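The figures here come from the full heavy-atom set of this structure, side chains too, leaving out hydrogens, waters and symmetry mates. Per chain, numbering begins at 1; letters A, B, ... match sequence-line order. For clarity, every value in this text was computed on a predicted model and none was experimentally measured.
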Amino acid sequence: MTDSGEGPAPGPVGDLFGGPEIGPAPEGGWGEGAAVAVLVPIPVDRTLDYLAPVGGCAPGDWLEVEIGPRVMLGVCWGPGTGDFDRAKLRPALRRLDLPPVSAEMRAFLERAADYTLTDFGMMARLASRAPGLREAPGARRALRRGGEPPARLTPAREKVLELVEAEPDRLWLPTELAREAGVSAAVIKGLETAGALESLEVPRDRPYAPLDPAAPRRALSEAQEEGARAMRAKVAAAAREGRFSATLLHGVTGSGKTEVYLEAAAECLAQGRQALVLLPEIALTSAFLARFRERFGAPPAEWHSAASEIERRRCWRAAASGEAQVVVGARSALFLPFADLGLIVVDEEHDGAYKQEEGVLYHARDMAVLRGSLGRAAVVLASATPSLETWVNAQAGRYDRVDLPERFGPAVLPEIKALDLRDCAPETGRWISDPLAQAVAERLQRKEQALLFLNRRGYAPLTMCRACGDPVMCPHCDAWLVEHRRRGRMVCHQCGHEAPIPSACPSCKREDKLALIGPGVERLAEEAQERFPDARIAILSSDMAESAAVVKARVEAIAAGEADLVIGTQLVAKGHNFPLLTLVGVIDADLGLRGGDLRAGERTFQLMRQVAGRAGRADRPGEALLQTYAPDHPAIDALLTGDEESFLQSEADARREAGAPPFGRYAAAIVSGPHEDRVWRTAEALARAQDLLAPARAELLGPAPAPIYRVRGRFRVRLLVKAPRGPALQPALRAWRAAVRPEPQVMVRIDIDPQSFF
DNA sequence: AGCACGCCGACT
DNA sequence: GTCGGCGTGCTC
């Protein structure tokens, strides 16, 4: 590696396109023409060698490189590997005027790729997912309404002009305008040439308003104050001594977790470092942002998929430069290249939305801990109902723990009671028991709001033929088709397939023999309307509304009192408060407990707690009634007694006894293809070859060829592998996969199950 | 991820 | 006889 000793070429050197002047590469870099390893944003599991660009480059520098026919953003990773013919190396086009990726960030990306078994290159893609990074920061082409109406008007052109006319002052990015108008870039270009759109350079990104950590703040309770002190100490230790910490911040709804971790953020600002707050759902952010503003006097930088291109680019750059003091974002914000990240908060850490299940698979909560540990930051995992793994980690002393015991202010936790359906089962075809109906009637009479919770969309989950006994199935997968009466469609909840509601059995063709089994929210609303004819009833479920904004408006109207009785699915469990609500009735508390899911108990506990917590705000004591056939089930029992600690302990014990200990992680080999027999043979071969996993002390879980199932016409087998952490895991899994040459048309893909990191 | 190359079914 | 499906392989 004779090149590595060379210093950077003397600069500054202007770039090829008349962009900003680029200074010399920092110390430790390589001069122009030296071979350097570059992490490119494509799914290869290694770096590719390039020749350093004009002006040289150093580790962490963002480089524009050609890859095949395309130009992409890569990151200089180190000296060239030399394993590719030097004569064939292509030169990197230029070094970009962006802050270099820090050594901590690079270490994080390496470890994260290793941990999630993701091709290394894809980490570059995750870290550079912002529009316009290749353009100079100060200049960007934008469009606005021009003087000339175009000579020729086409429907596509009209759509564009309509948008532009609607907001005459708005500046549009060409791509943004094309996307929102639903037209191609050619249409935009045409209008520009015709003079109907005017092109101009937009000024550099607007700076973020500075946050004031010392802004006057709300008084905290004693418990909150104590929690805040503990959090501040963690952040200070991370800043001063480089000491990593992970802390479970545990407190019931209303105990003020947000106030406490905002104090941690304030300390982080005072230390001059950046803070990141991860939230599971964008829908929640408006309430959060209001609180944030109140605490710091200005809004944070925001990162999520709903943000505009300009917003995201601005946020990315500000995170990289260090200008953004606090970023609030969805899980992917974790891959922003912060200049100096001192605190990561994962709010509602138990939330499933942190699990990225498409493309690069990861669990943002776990990656937050990883990033914090490599970047000497404090990590705070906040939850009212911690996930089992976080709780176990806290018990084991790997995470610290801060508890906020009481609900702050006058708010009172609702009383949770069971309605044992063995004693009070409603008649066939009805699902509201008499005691529950009575409780609802009382609220209605007192002009209070009640909620009936049923986590099932549609009218009935199952349509079955009384003649032949066959259920109406989705033609593409193994799931039942669910009748949605209001829409007049049968819908598959697994793949989204839709069909009209049949009058004859699809199987035996007999007319009028189809029976609807079980309730969905639509059917429950029907029963409720029959029982309470005068009540204003509203259904809240995710398929009722077209867009997130419509759902939000609807929830707000209902929360404000537009309905007396709310029938809702999971949608009501999250985020929004219902200040008028004093009763929650859970129609089927056992719903999530059926089936063999390892996390059934844990999830049921979390969901029921959340739903119950919707009842009784401020001065009103609320009540939650759980209809159940299994009041003695540990999860239900824990809800009744409130003894979360014993419950989590028993879940952890049960997991261990079941041979699925929490102290390992799972990889899932997904074998799939269009031919059942081939998929089967491949799965069997993989199962037989499990001794290849020995180097990682990994073992196959469950009976060797696992159940085969069909998804979108392809057969799949999922083999679960348990493996302790360690450097041997990844090579062993790769060897395992490589050793079995799949049958033609059969794919073997090995993923980490992102939920099961302990 | 894109994109090109390459080998088997329904059509001008 | 071709057009076009997507399986396979490559990108320094």
With sequence neighbours excluded, residues passing side chain to side chain donor-acceptor pair (under 3.5 Å) with [X]:
| X | answer |
| --- | --- |
| Gln274(A) | none |
| Arg134(A) | Glu64(A) |
| Glu498(A) | Arg487(A), Arg489(A) |

Quick one: [X] [atom1] to [N] [atom2], roughly how many Å, whole number?
| X | N | atom1 | atom2 | answer |
| --- | --- | --- | --- | --- |
| Met72(A) | dC3(B) | CE | C1' | 12 Å |
| Leu126(A) | dA1(B) | CG | P | 12 Å |
| Met122(A) | dG2(B) | CE | C1' | 11 Å |
| Arg129(A) | dA1(B) | CZ | C1' | 10 Å |

Item to check | Ser332(A): side chain to side chain contact (heavy atoms under 4.5 Å, CB included) partners, not counting sequence neighbours | outcome: Trp303(A), Tyr362(A)
Item to check | Which residues share a side chain to side chain contact (heavy atoms under 4.5 Å, CB included) with Glu66(A), sequence neighbours left out | outcome: Val71(A), Arg90(A), Leu93(A)
Under 3.5 Å between N/O atoms: give me all the protein pairs with nucleotides 10-12 of chain C, atom names plus distance.
residue	atom	partner	partner atom	Å
dT11(C)	O3'	Gly68(A)	N	3.3
dC12(C)	OP1	Tyr50(A)	OH	3.4
dC12(C)	OP1	Glu66(A)	O	3.4
dC12(C)	OP2	Arg90(A)	NH1	2.8
dC12(C)	O3'	Asp49(A)	O	2.9
dC12(C)	O3'	Arg90(A)	N	2.7
dC12(C)	O2	Asp49(A)	N	2.8
dC12(C)	N4	Arg46(A)	NH1	3.3

Item to check | Parallel, tilted or perpendicular: ring planes of Trp77(A) versus Phe120(A), cut at 30 and 60 degrees | outcome: perpendicular
